[in-house]
Number of protein chains: 2
Amino acid sequence: MRYFVAVAEELHFGRAALRLGIAQPPLSRAIRQLEHRLGVTLLERTSRAVALTEAGAVLLDEGRAALDAMAAAERRTRRASSPGAPGLVLVSKAGAAGEVLAKLLDAYAAEPDAVPVEVMLCGIREQEPALRDGRADVALLHLPFDSVAGFDTEEIATERQAVILPAGHPLSVRESMTVAEALSIPGLPPARWPLGDGSYPDGPGPEIHDHAQLLQLVALGRTAVILPESVRSLVTGLAAVPVPDAPRVTTVVAWPPHSRSRALASLVRTATRL
Amino acid sequence: MRYFVAVAEELHFGRAALRLGIAQPPLSRAIRQLEHRLGVTLLERTSRAVALTEAGAVLLDEGRAALDAMAAAERRTRRASSPGAPGLVLVSKAGAAGEVLAKLLDAYAAEPDAVPVEVMLCGIREQEPALRDGRADVALLHLPFDSVAGFDTEEIATERQAVILPAGHPLSVRESMTVAEALSIPGLPPARWPLGDGSYPDGPGPEIHDHAQLLQLVALGRTAVILPESVRSLVTGLAAVPVPDAPRVTTVVAWPPHSRSRALASLVRTATRL
DNA sequence: CCGCTTCGATACCCGTACGGTATGGGTCCG
DNA sequence: CGGACCCATACCGTACGGGTATCGAAGCGG
């Protein structure tokens, strides 16, 4: 399965073999054997190019999920033993959910059955994979930006959004703005967020990988951005103008649905009481 | 992984080996190698008994999920090719959701991009595993009875519940009943539904596996049961008395979250328009 | 138009790792 | 104390995965 996913992603046996650390002929053979075992043609090969068939595309999707599940099994099992390891790994976007995160960690630490929690801060669009492949046990996600597909969730906070501007910007004296106004501030093109597949839409604004980078770009006067109001408390030197017509942002705690960890259940219970 | 799950479920190397179709010594060795590779003790063995460690319990959970994902990948890939196979497999509880199901199938069949749909009817608590391991692509579930953990869902219908009685039962002339009344009808002990782990609670009523069996038991005057009103249309010879204080039942369509099938998306879109 | 390059498939060889049988050793029971 | 039970160890054979060398088809440039 690892072999097939590599080939399907590279669409090139040579590069896939390199990535897998094996030679190309065994890889070709392995894929042929897989096709034979399934009774299905997964790849259309010409001597110049490789293309996925319909069935191949299905197996790429499903196979990725299965490999993630396997990796998750291995990681979580390793962590379940070894007392040095943290009891729970919580993943959050760097620079987001600061207040809520601190409150949650404090409240949980005060619980009688609390275990050590490791906080893992990562970029945008990195939380879901981490949760799926077992690097993390629980995440703080933000609706409607993040997708919660396939996870159990509990809402823990909701807040309005504001447009974040460089301090002293002429518009920072405004009482409120509309989304349309915030997206068309002269000289401050809106930042571009990654799409579902990791690519970026076209446009004049900078490409964003995480919140720290984003807020620095705002401070430098290169962009403006609509974000939950609470980020204001994270950085000085930025102005925030409420945007009433932007959707409210809901912070949710999310975890893999089959999890039966008592520590996780306790953390979630704490979160719902915030 | 298959080997470990077998041993963890049987808690007996000999039986597990039998189930796996291999001899016992290679199985012992395989488990030891797994433990060594993970650097974790998974099983506490004495010469008389085998017990799971904490880490072993984690691996049993996660490993089951991973094996399901692998099986799903294999099944869905096989079905994605082979034009004889149905394009979608929809699983529903036998005897439930009759009207909604028929309406959904009709509406979907009228869509321009409809593919053949195979309907798989199964017992209670069988839908979730079927969806997870790829035997089915989409399910009709009923809240709050079924758990939708780990699936994407869309609501398609909601209805009141009624207590289903043998025709001619003295109470069948009532305009309505309370839950408390319905659960304590003399001579008609409430049926016992399976719990999450497949076992049954104690009590006088019969153990239920599917709705067909249940309705037959009602017709025979052996039990009474609170069910969504629509089941009344399925069977003649039964009476239904509304139970206003029972929770309303919501029928949802559920599917694995990572699915990207166009046919499934179309079916879901049809369902939401019902 | 012909070589050269590119890329997947084939042929062949080798080592390892998996599966099988036989047996050992600890524990509980009669 | 012997026997039954059950997991571990020892040993052996084979089959499968991986490596190298090479082929054959398809673009592409001179």
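Everything quoted here is computed from the prediction, not taken from an experiment. Reckoned from all heavy atoms, side chains included, excluding hydrogens, waters and symmetry mates. By convention in this document, chain letters (A, B, ...) are assigned in the order of the sequence lines, proteins followed by strands, and residues within each chain are numbered from 1.
Residue contacts for A:R29: at a heavy-atom cut-off of 4.0 Å it reaches a base atom on one of the strands shown.
Taking atom CG on B:L34 and atom P on D:dA8, their separation rounds to 13 Å, with Å as the unit. As rounded to whole Å, 4 Å separates atom P of C:dG19 from atom OH of B:Y3. Following rounding to the nearest Å, B:I31 (CD1) and C:dC18 (P) show an atom-to-atom distance of 12 Å. Per the geometry, CG belonging to B:L18 stands 12 Å off P belonging to D:dC6, to the nearest Å. Atom CG in A:L27 sits roughly 12 Å away from atom C1' in C:dA9 (whole-Å rounding). In this structure, the CD1 atom of A:I22 is 13 Å from the P atom of C:dA9, given to the nearest Å. Rounded to a whole Å, the CD atom of B:E35 is 13 Å from the P atom of D:dC7. The CG atom of A:L42 sits 15 Å away from the P atom of C:dG8 (whole-angstrom rounding).
Side-chain proximity of B:R45 to the nucleotides C:dG8, D:dG18, D:dC7 is greatest for D:dC7. Here the side chain of B:P25 is nearest to one of D:dC11, C:dA9, D:dA8, namely D:dA8. Of the candidate nucleotides D:dG18, C:dG8, D:dC7, D:dC7 has the atom nearest to the side chain of B:Q24. Of the candidate nucleotides C:dG20, D:dG19, C:dG8, C:dG20 has the atom nearest to the side chain of B:A23. Considering only side-chain atoms of A:H12, the nucleotide from C:dG8, D:dC6, D:dG19 that sits closest is C:dG8.
Under the 4.0 Å criterion applied to side-chain N and carboxylate O atoms, B:K93 and B:E126 are not assigned as salt-bridge partners.
The shortest side-chain heavy-atom distance between B:W255 and B:E154 falls under the 4.5 Å cut-off.
Of all heavy-atom pairs spanning A:L131 and A:A254, the tightest one is CD2-O, 3.8 Å. Considering all non-hydrogen atoms of both residues, A:R76 and A:A136 come closest at NH2-O, 2.8 Å.
Distances shown here put every side-chain N or O of A:Q33 at or beyond 4.0 Å from the OP1 or OP2 atom of D:dC16. For D:dA8, one of the phosphate oxygens OP1 or OP2 lies less than 4.0 angstrom from a side-chain nitrogen or oxygen of B:S28.
Heavy-atom nearest nucleotides on DNA chain D were determined for A:P26 and for B:A49, and the one closer to the 5' end corresponds to B:A49.
Proximity of a side-chain donor or acceptor of B:E44 to a complementary backbone N or O of B:T53 within less than 3.5 Å is not detected.
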